[in-house]
Amino acid sequence: MTDHFVFSRRQFLESAAAAGGITVIFNSLPSMAQKASGGQAGGSGWMGPPGKARFRIEGLPKVTGQKIYARDFRARDMKGWPTTERYAMVLRATSADRPLVAIDLSGLPPELQPLRVVTSVDLASDGLQLPSSTTPPDGRQKVFLAALNQVPAYLGQPVALLIFESYYVFREASRLLRFNPDVLQYGPPPQPATGAQSYAPYSPPTYLTFYGGAQGEVRFSQVKDGSTNPYSSSTPQDQEAAKTRQLIQQELKTAGWKVFQGTYETQVLDPMFMEPEAGLAWLDRANKRMNLVLGTQSTNGDLSDAFSLFKNHSSGPFDVKSVVLNSCYPGGGFGGRDVSLFPILMLLAATYSDGPVRIAYDRFEQFQGGIKQLGAKMSQTFAVDGKGQLQAIVSQLSLLAGGQNNYSQWVAQLAGYCGGGGYRVPRVSIDALAQPSVGVVAGSMRGFGGPQAFFAVESMMDEIAASLGRDPIELREQNALVQGNNTVTGAPLQEPMRLAEICQLARKHELWTRRQEEKAKRKQQGRLYGVGFALANQAYGTGADGVMAAVEIDAKGALRLTSNCVDMGNGSATSLAISTARYLGVNASRADMGQVEFFDVLGFVQPNQQPVSSSDNTKAVQKKGETFRLLNSSQLLRRNERPTTLESAPTDSSNPWDNPHYTKSYSMSSSACITAFQQVHAIEQASQVLFTTGLFPAARKLWGLAPSNPLKAEDTHWEDGFLVAPGLPRLAQAAIAARLHADKGVAGAMVHALYQARWVQADYTLEGSTWTWPIDGLCTRLASAGSWRWHERKNVVAPTAASASYGRCLYSPSGALVAVEVDPTSGRVQVIEVQTFLDAGRLIQPDLVVGQSEGAVAMGIGYALLEQLPLGVGGAGEGNWNLDRYRVALAGDLPLGRMKLNVLPPLPPPDDHPKGIAEAVLCPIPPAIANAVTDATQRRFRSLPITPAKILESLRS
């Protein structure tokens, strides 16, 4: 389609860059492919009728092999870049118990020697600052590249970057270097081994103590009393937490409850992306500009790494004044590219290269260098009364982190929040710790702590049901959380919880009601059969989510949306592109994803910065002489990723929300399942503002309505691209857009929204009228104007103080029934049917939800039965792992044609909002499979994966 917009993104960002710090220019390479693929409704494009998609917006570019992944690009493809391209190789430590004494490249002939070898000496002497996410545990060397004469911090730690003249030199050199044990030379262990090294958990640890009264009141909780450490006596709250835990322990012994104990383990997993990480970078020293081509999950995070690297250099060869990020599709998400080390290595390679440089992992390198899912060891004590009602949960969750903190402490935190499952529990004592190791770096991938915790909780619920002689689904239904209950943090559940409804549907399903009949039939055939159920109440969002969106319309009615959201392959671009139709009548034909810096014009500042007061509520934020600093590099920090449990103490008595340029959370990476609820909200609000202040006034003029006519925007609706109002002719959306541009009306709306237990809302005055919208930042753009107008918010309804301690407050209840068949001679488990039950709220694009569910089934089968990766010695960090050793689920492992997603119908408004579901549909699958295997074999398996060897050993015993 023709691009009718009046300016290019690149030009605008250059002109709007704020003074100070590093300026950012952002290009979305997949958006270029979207533009080429077209979006004509009813034609060959992706677009369906308003609010629907025929297929994914990136579908054609992917299947036709267009350049959308970083691996597809070369320096010659990038306009303005030199065409000569260097190639870099990362040498990684294969031992973490002996000092590294030498890097020996003498095996390379002179023509294959690298142009440059970058080591920790270079980073130290040049003062390059690495981000805090790369911090190793106490007691290990504190360098990003492993230093000589020290023990590497972890297996797979980068040791050196070798920069070669060309790909051909790299290829021949790598054949001599890879898998060669003589390249990295190690000395003897520094001291005799005295057992496994123990490290303090990555900070902060998570300690949850909750005690509810008989009438539902909360006597002690994180929300009521703040974050506490029951192992410290430094505050009265800590002392009270310790006393509360002592009371719980005493009641476990004296209250007459039935007490159950168990230890459960989950393994380390690899994301196994279809596209291993790859990228290009070029430090243009003449213009002091770093250029990047990356497949990124977190644009703000990857940019903040660049800011960290060069922040101490204002002159010399490392003086970087601007960063150009050319963002590509990452080729796989699942959190596995969130705080990946790859962008840092790409930046370092460019810093020390004399021109453009490329790194492209193969599968061996991806296994060795890519982040992993944390394994876990979880010890639980559950107590139930004589009626089967849960009375107490005491848990210690130790998540097996690697040799850098990454997101591990926040993954452990969410595991702790999930430690109560989907159940009412009046007494809770949960410790959730990320335990460092010498293993490969682990992080946020695949569920962020939820799958680990739900495996333990749901396995124990089945064990309790068996001991009590109860139907395991009925027992869950009895204990299920309902609206008004409290979570393990003490947060009140403010929306309807449909966990019991899911249990009812599953209990009535014929897969459950006929399981004994099917078991008997298959037993006659020499096969073991079982059906298992698991319930999950996975949170989505982080507890304080900042999102942003802009929607613009051209004179022909074409819409372009801009979002900070990244499409990781989950269909976010498609979901957002069709979300404009609700208020604007048509889908967006262009989606610019992963943008953060574009939204600097919203004018947010650091909390301690005060703006100049002004009575002009539509002042342009580019105005010269403005004394507050726009939010650019100073705010593009990696979200400290999981919100703190208490608000930071204000520097004075004022409310930070009194500052119209303050927000609690500006931007975040595209994890935590935030597309359907949070990001769609931002798109819909921008669309509503654009309709209310731009299209509707133009429509009134086309209808010839007098100013006194009472017709309001909410009295109209869209039908097949036409605006309809009672007693008035239908207006084509394109005709309205043409009139809007002719009148130079509002042609673009940009919003920022913050959700913390509720949407922050405020009043905004535009075009002489005042509206209340659930957003905390607003800019608009007039037709043909190149700049945005900032609108001051007033009468802010801010989050409550207590909600800062909720931890999480949004949930997607789900459940899974799984049938398995076990071959008693081989021990092989075959999943033969999966019925998933999900409360997804209002579905945006049902096909995408089904795809997420089917992907979750495949992931869950791999998690429960197949995937296994040692964290330390013998694992991926040694560099010799590939798919010949790492078993993932294939088509033959899936019950194709027998995987059904049962979506609960949405509730009436306002409880019909769409929900984040990717992690939610995964969480119940592994424990349901484990429970099904137990039902089939009458043996309980408390560690994953459940391998044929484990089953045969159990059956023999």
Side-chain angles (χ1 to χ4, degrees), residues 92-100 132-147 150-159 186 189-191 193-206 263-271 335-336 339-341 367-379 396-416 431-446 448-449 451-453 867-881 886 943-944:
R92 297 180 180 275
T94 54
S95 174
D97 61 356
R98 294 175 293 156
L100 177 69
S132 61
S133 61
T134 63
T135 303
D138 293 337
R140 308 295 290 188
Q141 60 168 309
K142 304 291 186 179
V143 292
F144 180 72
L145 298 178
Q150 294 191 48
V151 177
Y154 60 93
L155 291 162
Q157 181 180 10
V159 172
Y186 300 91
Q191 60 186 17
T194 57
Q197 177 69 53
S198 177
Y199 304 101
Y202 288 124
S203 182
T206 294
T263 298
Y264 305 84
E265 296 184 41
T266 62
Q267 74 278 40
V268 175
L269 300 178
D270 187 88
V339 195
S340 164
L341 301 186
F367 268 104
Q368 188 179 27
I371 65 174
K372 307 291 180 272
Q373 186 193 61
L374 283 76
K377 184 173 183 179
M378 299 160 285
S379 298
Q396 291 80 40
L397 289 74
S398 178
L399 274 75
L400 311 179
Q404 289 182 355
N405 59 350
N406 198 270
Y407 274 8
S408 295
Q409 61 270 55
W410 311 115
V411 175
Q413 183 183 82
L414 183 56
D431 296 349
L433 312 175
Q435 187 61 49
S437 72
V438 296
V440 179
V441 174
S444 64
M445 69 140 304
R446 201 176 288 187
F448 215 95
Q452 296 93 320
E867 298 181 58
Q868 189 165 232
L869 184 65
L871 182 63
V873 175
E878 296 180 353
N880 54 6
W881 275 72
Y886 190 75
S943 66
L944 298 180

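Keep in mind that the numbers below use all heavy atoms, side chains included, and drop hydrogens, waters and symmetry copies. Just so you know, residue 1 is the first one in the sequence shown, and it goes up from there.
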Donor-acceptor contact below 3.5 Å, side chain Q141 vs main chain V151: yes
Keeping K142 on the side-chain end and P136 on the backbone end, is there a donor-acceptor pair under 3.5 Å? yes
Quick check against the 3.5 Å criterion: does T266 have a side-chain atom that pairs as donor or acceptor with the backbone of A376? yes
For G443, is there any backbone N or O sitting under 3.5 Å from a side-chain donor or acceptor partner on W410? no
Is it the case that the side chain of T134 and the backbone of Q404 share a donor-acceptor pair, with hydrogens and angles ignored and the cut-off at 3.5 Å? no
Examine the side chains of Y886 and E867 and answer whether a donor and an acceptor come within less than 3.5 Å of each other. yes
Can you tell me if Q409 uses its side chain to pair, donor with acceptor, with the backbone of S203 under 3.5 Å? yes
Is there a side chain to side chain contact (heavy atoms under 4.5 Å, CB included) between V411 and Q373 once you walk through the steps? CA-CA 9 Å; V411 175; Q373 186 193 61; over 6 Å; no
Using modelled atom types and a 3.5 Å cut-off, is there a donor and acceptor pairing between side-chain atoms of Q267 and backbone atoms of L869? no
Checking R140 side chain against P152 main chain: does a donor-acceptor pair fall under 3.5 Å? yes
With side-chain contact (heavy atoms from CB on, under 4.5 Å) as the test, pick out the partner of V441 among N406, N405, V339, L155. N406
Heavy-atom nearest pair, P436 first then A434, reads CD-O, 3.3 Å
Would K372 and L871 satisfy side chain to side chain contact (heavy atoms under 4.5 Å, CB included), going step by step from the backbone distance to the final call? CA-CA 9 Å; K372 307 291 180 272; L871 182 63; 5.7 Å; no
Roughly how far, to the nearest 0.5 Å, is the CG atom of D431 from the OG1 atom of T206? 9.5 Å
Going through the distances and angles, do F367 and V440 end up as a side chain to side chain contact (heavy atoms under 4.5 Å, CB included)? CA-CA 9 Å; F367 268 104; V440 179; over 6 Å; no
Please list, chain by chain and in numerical order, all residues satisfying side chain to side chain donor-acceptor pair (under 3.5 Å) with Y202, sequence neighbours excluded. none
Heavy-atom pair with the smallest gap, counting every atom of A401 and A442: CA-CB, 4.4 Å
Would you find a donor on one side and an acceptor on the other, under 3.5 Å apart, between the side chain of K377 and the backbone of Q396? no
Separation between CG (L399) and OG (S437), nearest 0.5 Å, reads 11.5 Å
Closest heavy-atom pair, D138 versus Y199, reported as atoms and distance to 0.1 Å, is O-CD2, 3.3 Å
Under a 4.5 Å cut-off applied to non-hydrogen side-chain atoms, are P201 and Q435 in contact? yes
In Å and rounded to the nearest 0.5 Å, what is the CG to CZ distance from L145 to R92? 10.0 Å
Tell me whether Q157 contacts the main-chain N or O of V143 through its side chain, where contact means a donor paired with an acceptor under 3.5 Å. yes
By salt bridge (charged side-chain N to carboxylate O under 4.0 Å, His left out), D97 pairs with (sequence neighbours left out) none
If every non-hydrogen atom of A93 is compared with every non-hydrogen atom of V159, which pair is closest and at what distance? N-CG2, 3.5 Å
Using every non-hydrogen atom in the two residues, find where P870 and W881 come nearest and quote the distance to one decimal. CD-CZ2, 3.5 Å
Could you report the tightest heavy-atom contact between V268 and G375, atom names first, then the distance? CG2-N, 3.9 Å
Y186: which residues meet the ring-ring contact (aromatic ring centres under 6.0 Å, His included) condition with it, sequence neighbours left out? none
Inter-residue atom distance L374.CG - Q452.CD, 0.5 Å rounding: 6.5 Å
